Amino acid sequence: MNRSLRHASIRLTLGLGLLCQAAVACAADPAAEERAIRAAAMRAAPSVVRIETVGGLERVGELLVGTGPTTGVVLTADGYIVSSSFNFVQQPASILVTLPDGTRLPAQRVANDRSRQLTLLKVDAPSPLVIPEIVPEEETSVGAWAIALGRTYAADEPNISVGIVSALARLGGRVIQTDAKISPANYGGPLIDIRGRVLGVLVPLSPQGGDEIAGVEWYDSGIGFAVPLAHVMRMLPRWQAGTDLRPGILGITLKEKGPLAEPVTIDTCRPNSPAAKAGLLPGDRVVEVAGVAVTRQGELYRQLQPLYAGDRTSIVVERGNARESFEVELVGELEPYEHPYLGLLPSRGERAAGAPAGVEVRSVLPDSPAAAVGLAVGDVVTEVAGSAIADRTQLTAALARYQPGDTVKLTVQRGDQIVVLEPQLGPQPGELDYEVPAAPSPAEAANGAPEAEHPALGRQTLKLPELPQEAIAYVPETYQSGMRYGLVFWFDGAEPVDRDELLRAWQPLCDARGLILVAPSPATPGRWTLPDVEFARGVYAELEQRYAVDRARTVAMGQQTGGTAAYVFALRNRELFAGVVAIDTVLAQKPPENEPAYRLDVLAFVPEQSAQAGRIQESLEAIGQMNYRVNVLSQSGTAHLPTGEDLQAVARWLELLDRI
């Protein structure tokens with residue numbers, strides 16, 4: 001080592017030593033604490049750049065996006081810079097980077113990390129840029145100092161927010177959590193330790209969302225996230241090649257829900273998914289991923305969520321009494337799932353005592369696979385591919401493991417005979433406007449005999465103890481506990497619908513078709529918020545506790561802003577809803593994946609005088625491309641509550657909603 005390098009090394013060692021000593025002395029000396037924080041920030045500052053964007057969108061969805069200066073962190077001396085993707089969500093026409101010495105340079109976007117919402121930029125720097133020191137991931141610990149830096153207010157000095165590392169491996173093992181204040185002012189900036197080394201890159205992320213603006217509502221809340229810079233550097237070569245990094249998808253659903261649920265049993269494997277191609281099967285219990293034991297669902301997500309499309313990993317499952325190992329290669333996108341179609345309507349009443357377990361056929365739909373093999377009214381489907389079927393839910397789940405074009409073996413009880421049929425499943429029909437007879441009404445099913453005891457019937461007002469909102473509901477006076485009832489959730493638009501008018505329109509339909517109508521009201525008339533949707537969720541739970549609710553015929557329905565609330569309610573609670581009726585409504589978000597476990601149909605009314613007909617059509621096409629079945633009906637004049645022929649069309653659509 002020559003003398004100058006040795007001197008530099010000594011100065012660096014002394015500097016680090018002083019920083020460490022300052023950190024130790026912080027608790028006893030506030031002035032030392034301030035000096036340590038400032039010294040750490042100054043040490044990292046040469047690698048923190050200011051970013052300005054020019055042009056682009058003013059609004060993304062419902063979010064008004066600004067174009068103020070943001071922050072980035074230098075990754076390489078030759079000009080690669082990382083920042084938060086949030087800073088470019090407005091799709092700017094150009095990007096300018098200001099280096100700590102004041103030099104302004106145009107930047108190009110190279111690639112994105114769509115799992116952690118980071119963006120890689122490149123500038124042609126006139127001289128080598130300063131690279132920060134990185135904290136190894138194994139040295140990051142909870143309770144350590146965490147200092148968030150931004151370079152938004154002044155180009156010559158970073159702005160600072162101080163806290164601690166409050167948790168590790170959050171959001172599926174992808175990020176560090178800190179209580180330092182994080183906001184758009186420092187998104188993309190570094191989170192550093194008390195020695196000035198970079199822990200991670202600040203980003204808004206959320207467990208509920210995966211896009212660039214997910215989690216932005218948490219800013220300055222005391223919960224902030226940073227992607228470990230050590231991870232970013234490992235992925236840099238793939239990024240520099242211009243490849244967007246996408247979350248890896250395996251293609252399974254699990255039987256039990258919730259991060260603490262155990263065992264981790266596969267419910268469905270999406271056809272043509274990595275899971276299906278590797279040989280995983282429904283019923284397999286996942287016990288190990290990449291050599292790490294897995295006992296709960298949260299542990300499975302924690303192993304899989306950090307991975308990207310193209311990554312390979314090993315999965316060990318228990319199948320019966322044996323353990324089997326599989327190698328899977330994750331993908332960034334699955335082929336849109338399409339539910340297979342058999343073409344029968346199941347009985348909606350309880351099976352009589354002593355009757356064989358299975359699904360009794362109430363109706364066979366014309367030109368369907370069921371009709372083609374001679375399935376008949378009164379037949380009871382007892383097995384699928386040799387596995388016993390106890391009820392409609394099990395039959396639906398068993399068929400969800402197939403895809404259109406597959407042949408399935410059904411065992412059927414026909415009177416005293418056992419019949420085996422092998423229909424070839426078809427795609428869901430595009431139009432379902434058959435005139436099928438209504439199921440026996442509750443009164444017919446009970447032969448007119450009223451039940452001695454029953455829950456409250458007729459018009460009711462529902463409230464939840466902790467919330468100001470209320471809902472009205474109508475339950476048929478002929479309610480029978482042995483029947484299952486569909487639910488229709490009505491969401492008002494900007495102008496509330498008169499409740500008497502609503503009940504007059506729906507009461508005959510509810511009585512004849514076995515439906516319960518419920519209309520929650522928002523806290524502020526004409527304006528739906530997420531707490532209002534949560535109120536509706538509470539009302540749903542209350543109704544399900546009191547009555548025999550048929551989830552296969554439960555729909556959310558609304559007009560304009562109420563239609564938006566209906567979409568949000570149904571898409572956030574896929575396990576509860578089978579359909580959405582949207583009147584003059586644009587689905588403002590990208591349709592989510594169609595899930596094998598939950599089918600969701602859409603019936604859209606497009607008024608002839610709708611000002612947004614074009615946008616509605618575009619959103620319905622997007623829904624259809626995800627293989628949701630969409631029916632579109634024209635509505636005369638402007639948007640209005642369905643009555644007459646429109647209401648009868650809704651009734652026919654509802655009658656076919658529990659088809660299999």
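Not measured: the values here are computed from a predicted model. We count residues from 1, following the sequence as given.
- At a cut-off of 3.5 Å, with distance as the only test, a side-chain donor of Thr253 or Thr268 sits close to an acceptor on the other residue.
- Proximity of a side-chain donor or acceptor of Glu299 to a complementary backbone N or O of Arg296 within less than 3.5 Å is detected.
- Side-chain N or O atoms of Ser166 include one that pairs as donor or acceptor with a backbone N or O of Gln177 at under 3.5 Å.
- Between the CG atom of Asn87 and the CG atom of Leu118 there is a distance of 10.5 Å, given to the nearest 0.5 Å.
- The distance from the CG atom of Leu199 to the CD atom of Glu137 is 10.5 Å, given to the nearest 0.5 Å.
- Remark: Glu139 CD is packed, more than 12 non-hydrogen atoms of other residues, nucleotides or ligands lying under 6.0 Å away.
- When side chains are defined from C-beta on, Arg197 counts as touching Arg43, because their heavy atoms get closer than 4.5 Å.
- For Ser141 (side chain) and Ala144 (main-chain N/O), no donor-acceptor pair under 3.5 Å exists by modelled atom type.
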Is there a side chain to side chain donor-acceptor pair (under 3.5 Å) between Arg116 and Tyr308 once you walk through the steps?
CA-CA 10 Å; Arg116 293 159 175 82; Tyr308 294 100; 2.7 Å; yes

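- Looking only at distances, a side-chain donor or acceptor of Trp239 sits under 3.5 Å from a matching main-chain atom of Asn112.
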What do the steps show when you test Ser273 against Tyr337 for side-chain contact (heavy atoms from CB on, under 4.5 Å), and what is the final call?
CA-CA 10 Å; Ser273 67; Tyr337 175 77; over 6 Å; no

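- Closest heavy-atom contact between Gly150 and Asn186: CA-CB, 3.9 Å.
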Run the side-chain contact (heavy atoms from CB on, under 4.5 Å) test on Asp267 and Leu254 for me, step by step, so that the C-alpha distance in whole Å, both residues' side-chain angles and the decisive distance to 0.1 Å come before the verdict.
CA-CA 5 Å; Asp267 189 31; Leu254 302 174; 5.6 Å; no

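- In this structure, Ser314 contributes its side chain and Phe326 its backbone to no donor-acceptor pair below 3.5 Å.
- Remark: side-chain polar atoms of Thr98 are not paired, donor with acceptor, to backbone N or O of Thr103 under 3.5 angstrom.
- Rounding to the nearest 0.5 Å places CG of Leu280 at 4.5 Å from CD1 of Ile266.
- Nearest heavy-atom pair across Arg170 and Phe225 is CB-CE2, 4.2 Å.
- Taking every heavy atom of both residues into account, Phe491 and Gly562 meet most closely at CB-O, 3.3 Å.
- Atoms OG and CG, from Ser115 and Leu171 in turn, are 10.0 Å apart once rounded to the nearest 0.5 Å.
- A distance of 9.5 Å separates OG1 of Thr529 from CD of Glu534, quoted to the nearest 0.5 Å.
- Between Val580 and Tyr628, every side-chain heavy-atom pair lies at or beyond the 4.5 Å cut-off.
- Two residues are said to be in side-chain contact when any heavy atoms from C-beta on lie closer than 4.5 Å; Pro158 and Met42 meet this criterion.
- No side-chain donor-acceptor contact under 3.5 Å links Arg151 to the backbone of Pro69.
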Could you walk me through whether Val97 and Ile51 pass the side-chain contact (heavy atoms from CB on, under 4.5 Å) check?
CA-CA 5 Å; Val97 168; Ile51 297 173; 4.2 Å; yes

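- Annotation for Thr71 and Pro190: closest pair CG2-CD, 4.5 Å, computed over non-hydrogen atoms.
- Side-chain atoms of Lys122 come within 3.5 Å of backbone N or O of Asp78 as a donor-acceptor pair.
- Of all non-hydrogen atoms in Ala77 and Ile131, the two that sit nearest each other are N-CD1, 3.6 Å.
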Determine, step by step, whether Lys277 and Glu329 satisfy the salt bridge (Lys or Arg N to Asp or Glu O under 4.0 Å) criterion, reporting the C-alpha distance in whole Å, the side-chain angles of both residues, the deciding distance to 0.1 Å, and the verdict.
CA-CA 9 Å; Lys277 289 177 180 176; Glu329 180 175 335; over 6 Å; no

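- Between Arg615 atom CZ and Thr585 atom OG1 the span is 11.0 Å, to the nearest 0.5 Å.
- Between the side chain of Asp193 and the backbone N or O of Arg195, at least one donor-acceptor pair lies under 3.5 Å.
- A heavy-atom distance below 4.5 Å is found between the side chains of Tyr80 and Leu120.
- Within 6.0 Å of the CZ atom in Arg527, the count of heavy atoms belonging to other residues, nucleotides or ligands does not exceed 12.
- By the 4.5 Å heavy-atom criterion applied to side chains, Thr76 and Leu236 are counted as neighbours.
- Counting only distance, with no hydrogens or angles, the side chain of Asp532 and the backbone of Ala523 share a donor-acceptor pair below 3.5 Å.
- At least one side-chain heavy atom of Val142 sits less than 4.5 Å from a side-chain heavy atom of Leu168.
- Looking at Val201 and Leu229, their side chains come closer than 4.5 Å, going by heavy atoms from C-beta outward.
- Heavy atoms from other residues, nucleotides or ligands lying under 6.0 Å from CG of Asp124 number 12 at most.
- Closest approach of Ile134 to Met233, counting heavy atoms only: CD1-CG, 3.4 Å.
- Met235 places a side-chain heavy atom less than 4.5 Å from the side chain of Leu245.
- A 6.0 Å sphere centred on CZ of Arg312 holds more than 12 heavy atoms belonging to other residues, nucleotides or ligands.
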Starting from the C-alpha separation in whole Å, work towards a yes-or-no answer on side-chain contact (heavy atoms from CB on, under 4.5 Å) for Val130 and Val74.
CA-CA 7 Å; Val130 178; Val74 173; over 6 Å; no

